[in-house]
There are 2 protein chains.
Amino acid sequence: MALKEAPQYRKLYEKLRKLIENGTYARGDLLPSENELCAAHHLTRPTVRKALDMLVNDRFIIRHQGKGSIVQGQPKGIGILSLSGTTSAIGQDKLTTHIIVKPNIRSWEQAFGYEISEQDKSLGCIHIERLRLINDIPVFYDITLIPNLNLTRFTSRSFENKSLFEILRKHYQIQVKGGEQKILAIKADERIQEHFRVKRNHPILRLDRKMETNRAGFSFYSQIYCNTMDYSLIGRF
Amino acid sequence: MALKEAPQYRKLYEKLRKLIENGTYARGDLLPSENELCAAHHLTRPTVRKALDMLVNDRFIIRHQGKGSIVQGQPKGIGILSLSGTTSAIGQDKLTTHIIVKPNIRSWEQAFGYEISEQDKSLGCIHIERLRLINDIPVFYDITLIPNLNLTRFTSRSFENKSLFEILRKHYQIQVKGGEQKILAIKADERIQEHFRVKRNHPILRLDRKMETNRAGFSFYSQIYCNTMDYSLIGRF
DNA sequence: TATTCGCACTTGTAAATACAAGTAAAAAAT
DNA sequence: ATTTTTTACTTGTATTTACAAGTGCGAATA
């Protein structure tokens, strides 16, 4: 089964998104006009517009009739509380990742309080645990459970300093479209105390999340512990 | 200034959305095919597809190539983490409100870490503090700061068991369009211990929010303390 | 000088057309 | 009867064309 090539509008979306993410286009800049993008990439306007529609949807740009497409910058907009993964929520600070439990396949019974389908249950799940540090301070500990269907070579990929969301999007055409989350404040248990190097009774934020994707019936789950002492979570809504 | 008529694709979106919301199309049903919708509404496929794109985006439907558009049903409520105020986030449980500090006008210097404009600063702000109980358990304590411009009779209104968001929308045509929030876990301080009837070191969730409205330049601010022991915050994103 | 007007640009909406690709059921072959 | 192939649908991608409408700037006008 050969991988189908990504459609043109999607390729353009990825290109422009990258240019915004790496700062080539900064907040407030105008993107090239639709006609210029057409000429530059040998596409027609509806195709270009579809790519821009996606960027609007992800809050990378806004458009003004008669004016142009205005870069909004990284959608801090979609901080960890609204949509994106951790990596894009951090911004330019140094984010390092330690894999505590390497991707491995195991069975599951439940997923942090969320119901899972019988099919997912029968196939088992990919299990990852990561500790993430911002500027060398441990801030996130996350456990991720992904249904084990058809993600070839997934367990052998490197996740160090890479965004899980980005891997899913680029290699498997899976985009997180939204989801559900519970959020609560708890005391640090022993394992968390150790990872975060904090005392007992230290208040910790916990998120239990279900991520829903563009692939029908495909959801995955994560539980995130956050030490908000030095870095609080920021999000737009 | 006459109101411009809504575009065709938006009208179709509204129609189909209404049909899903009132149950004419139920979860699992197939929408009429794109060609049938074209014929029925005298539109062409690109226009129909644009309406369906919007429904996909809002998660009312998903589409399957070769199959059709499958109704997903109503996207579930948006909890406190995404957009709405507390009242609509609770659902059917009993929510009671105690006004701890009645609406009063005072000066402000800052608003929970957010920058405020010079104009807002010069006019002072309306200050409210409320304790909210779900099924008689104290769960939220919130402090709200609203710039004091032109909200006639605001301080004399009753806020018992009423939604602040609703008052702003109905009486002042102010709608919250989005905003920014910081979220962190803290230990209960003395005042919170008392209100929530919890011990020292009890983990508490704190949200610092800036609410942006449809009125240009008008934002207001709130700080919310949550006891997530019995009720965790649930939201979609 | 200050204002108005027009032009050249931008994005927004909409149609008509073509072909690719996935799905499911009918039709044909085994 | 079972399997395979065909066929008639569905949505997905992409082009071409046309006009509407908002923006900003420079030239013409008062």
Taking dG22(D), dT16(D), dT11(D) as options, the one with an atom nearest any side-chain atom of Thr44(A) is dT16(D)
Suppose the criterion is salt bridge (charged side-chain N to carboxylate O under 4.0 Å, His left out): which pairs have a residue in residues 19-29 of chain B, not counting sequence neighbours? Arg17(B)-Glu21(B)
How close or far is atom P of dG12(C) from atom CD1 of Ile62(A), stated in whole angstroms? 11 Å
Whole-Å gap separating P (dA14(C)) and CG (Leu37(B)): 15 Å
In residues 48-56 of chain B, which residues come under 4.0 Å of DNA chain C by heavy atom? Lys50(B)
Please check if any side-chain donor atom of Tyr225(A) sits under 3.5 Å from a side-chain acceptor atom of Gln223(A), or the reverse. yes
Bend angle of the helix from dT1(C)-dA30(D) to dT30(C)-dA1(D), from helix axes over five pairs at each end, nearest 10°: 10°
Closest to the Asn35(A) side chain, choosing from dT15(D), dA14(C), dT10(C): dT10(C)
Whole-Å gap separating C1' (dT11(D)) and CD1 (Ile70(B)): 11 Å
So which of residues 24-32 of chain B are in contact with DNA chain C, with a heavy-atom cut-off of under 4.0 Å? none
If you take all heavy atoms of Tyr114(A) and Asp208(A), which pair is closest and at what distance? OH-O, 2.9 Å
Check salt bridge (charged side-chain N to carboxylate O under 4.0 Å, His left out) between Glu36(A) and all other residues, then give those that pass, not counting sequence neighbours. none
Sorted by number, residues from residues 10-18 of chain B placing a heavy atom under 4.0 Å from DNA chain D are none
Nucleotide of dA14(D), dT11(D), dT11(C) approaching Gln8(A) most closely (side-chain heavy atoms): dA14(D)
Of Lys67(A) and Pro46(A), the one whose nearest nucleotide on DNA chain C sits closer to the 5' end is Lys67(A)
Is it true that Arg209(A) and Asp142(A) have a side-chain N and a carboxylate O under 4.0 angstrom from each other? no
Pick the nucleotide of DNA chain D nearest each of His64(B) and His42(A); which residue has the one closer to the 5' end? His64(B)
Report yes if a side-chain nitrogen or oxygen of Ser33(A) is closer than 4.0 Å to either non-bridging phosphate oxygen (OP1 or OP2) of dT10(C); otherwise report no. yes
Among the candidates dA20(D), dG12(D), dT13(C), find the nucleotide nearest to the side-chain atoms of Gln65(A). dA20(D)
